[in-house]
Number of protein chains: 2
Amino acid sequence: MTRSTLEAAVAANHELFMQTGDRIEAVLAEHGLTPATAQALWAIDPDQAPPSMKTLAGRLYCNAPNLSFVMNQLTDRGLVERSADPADRRSRVVALTDDGRRVRAAVIEATLALTPFARLGDDELRQLVDLLGKALDPAPEGA
Amino acid sequence: MTRSTLEAAVAANHELFMQTGDRIEAVLAEHGLTPATAQALWAIDPDQAPPSMKTLAGRLYCNAPNLSFVMNQLTDRGLVERSADPADRRSRVVALTDDGRRVRAAVIEATLALTPFARLGDDELRQLVDLLGKALDPAPEGA
DNA sequence: AGGGATTGGTTCGAGGCTCGAAGTATCTGG
DNA sequence: CCAGATACTTCGAGCCTCGAACCAATCCCT
C-alpha cells in the first residue's frame, strides 16, 4: 500500500523538521534570532541578486505584513538593509549586511552540525536530496 | 563535498514541510483546526494506548503549558477527552473521541492527497522513508 | 509512618508570530 | 491625465509559545 508509506514519509519529514528546529534553538538565541527571523535570514542567499519583499514572502510562504514585521527586526538588528529597486520604486530589495552574511553563515553552519541529516553518509544524502527534489519539482522537463 | 548536499537536504526538508502546511491550511480551517491543534490531533494515534500530556509534549517538542493550551482547544471542540491515569493519578491521559477519530482521519487523508510527496512512486517513497528513518534512528541496533 | 524533594499538570501573564483591513507610493493602460 | 493595479507599510486582533508560580500526587529516606 502506498498510503501508509506516504503517511510515514510525511510524518518522518515533519519529525526531522521539528528535531532540527529544536536543536538549533539555542544557537539562534545566541545570535539574537528567533525561528522566524532566522528562517528569513536563511532565505536571503548572498550570492544571488537581493530579492524583493514580494519574492521573499513567496519563498517563506507568508504574506506581506508578516514579512515587513520580520524584516523590521532584522533591520533593527543590523543584519539586512532595504533599498528601493531603481527599476520599480514601489519594490524594495533586501540585501544582507556584512554582519548579516556572517550571522547567516554561522546559523547554517550550526544547523548542518546539529541536524539529524548529518547522520547520513555521502551517498545516502545524495540519494535523499534527489528524492526530495523529485517531490518538489512540479515538472522537471529538460529546458 | 558533503556540506552542500547536507545543506540541500535541510533546505528541501524545510521546503517540503512548508509546502505541505501551506496546502492543507484551508482543509484545517474547514474542520475548525489551527496548525497547532491539527498537529496535536495527528500525534494521537487511536490505535495506541492514550498518551499522557508529558508524552505528547515530548512528541510535539513543546512544553507543558503550551500543550495544556492546545489540548483545551481540542477538548472544547469535543475532539479529545482527558482522564486521570489510574496508575499514576498525577498524570492525565488524552484519548480521541469518536468525532476526534473522524476529524483526524479526514485531516490525514487530505494531507496525503495534497502533500508534494504524493508525487513520488511507490518504490521511491519506500526508499525515501528508509533514508529518513536512518536519519532519525539514534542507534537502530537489532533488539 | 512522616516529611521533604520530585514529578505531572494547570493557570497566568508576557512576548512573539501571523493575518486581514486600511493607507501610501508607484506603475500601467487607455 | 486619470482609473485601476501593484508593492509595501502600519495597525489591530488573534493565535502560539514560553517562564513563573501554583496544586496535587508520588517517591524516597529515615
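Every chain is numbered from 1, with letters handed out A, B, ... down the list of sequences. Please read these numbers as outputs of a predicted model, since none were measured by experiment.
Contact annotation for A:Asn72: backbone-only contact, meaning every heavy-atom pair under 4.0 Å involves sugar-phosphate atoms and none involves a base. No contact: B:Gln39 has no heavy atom under 4.0 Å from any strand.
If you take CE of A:Met18 and P of D:dC16, they are 13 Å apart, rounded to a whole angstrom. Rounded to whole Å, atom C1' of C:dG9 lies 18 Å from atom CD of B:Glu81. To the nearest angstrom, P of D:dC15 lies 13 Å from CG of B:Leu33. Counting to the nearest Å, the P atom of C:dC17 and the CG atom of A:Leu60 are 13 Å from each other. At whole-Å resolution of the value, CZ in B:Arg59 and C1' in C:dG8 are 16 Å apart. Rounded to whole Å, the distance from CD on B:Gln73 to P on D:dG14 is 14 Å. Atom CG of B:Asp85 is separated from atom P of C:dT10 by 13 Å (rounded to the nearest Å). Counting to the nearest Å, the P atom of C:dC27 and the CZ atom of A:Arg92 are 13 Å from each other.
Salt-bridge annotation for A:Arg126 and A:Asp122: present, with a side-chain N of the basic residue lying under 4.0 Å from a carboxylate O of the acidic one.
Candidate nucleotides D:dT9, C:dG20, C:dG9 were compared by shortest atom distance to the side chain of B:Met53, and C:dG9 ranks first. Here the side chain of A:Arg90 is nearest to one of C:dT26, C:dG20, C:dT10, namely C:dT26. For B:Pro65, the side-chain atoms get nearest to D:dA20 when compared with the rest of D:dA20, C:dG8, C:dG16. The side chain of B:Asn66 approaches D:dT17 more closely than any other nucleotide in the set C:dT10, D:dT17, C:dT18. Distance from the side chain of B:Ala64 is smallest to C:dT10 among C:dT26, C:dT10, D:dT9. With D:dC18, C:dC17, D:dA7 as the choices, the nucleotide that has an atom nearest any side-chain atom of A:Lys54 turns out to be D:dA7. If you check D:dT26, C:dC17, D:dT9 against the side chain of A:Ala36, the one that comes closest is C:dC17.
Taking the nucleotide of DNA chain C with the nearest heavy atom to each of B:Ser68 and A:Cys62, the more 5' of the two is matched to B:Ser68. Each of A:Phe69 and B:Asp88 was assigned the nucleotide of DNA chain D with the nearest heavy atom; the assignment lying further toward the 5' end belongs to A:Phe69.
Atom NE2 in B:His14 sits 3.5 Å away from atom CD in A:Gln39 (nearest 0.5 Å).
A:Asp85 places no side-chain N or O within donor-acceptor distance of the main-chain N or O of A:Arg90, the cut-off being under 3.5 Å. Looking at A:Thr97, its side chain does come within 3.5 Å of a backbone N or O of A:Gly100 through a donor-acceptor pair.
Shown are A:Thr115, A:Asn13, A:Thr20; of these, the side chain to side chain donor-acceptor pair (under 3.5 Å) with B:Asn13 is made only by A:Asn13. The side-chain contact (heavy atoms from CB on, under 4.5 Å) test with A:Leu33 is passed by exactly one of A:Val27, A:Leu74, A:Ile24: A:Leu74.
Remark: A:Asn63 is not in phosphate contact with C:dT18, judged by side-chain N or O atoms under 4.0 Å from OP1 or OP2. The phosphate of C:dG9 has OP1 or OP2 within less than 4.0 Å of a side-chain N or O from B:Ser52. At D:dC8, one or more side-chain N or O atoms of A:Ser91 fall inside 4.0 Å of OP1 or OP2 (strictly under the cut-off). The phosphate of C:dG8 has neither OP1 nor OP2 within less than 4.0 Å of any side-chain N or O from B:Arg89.
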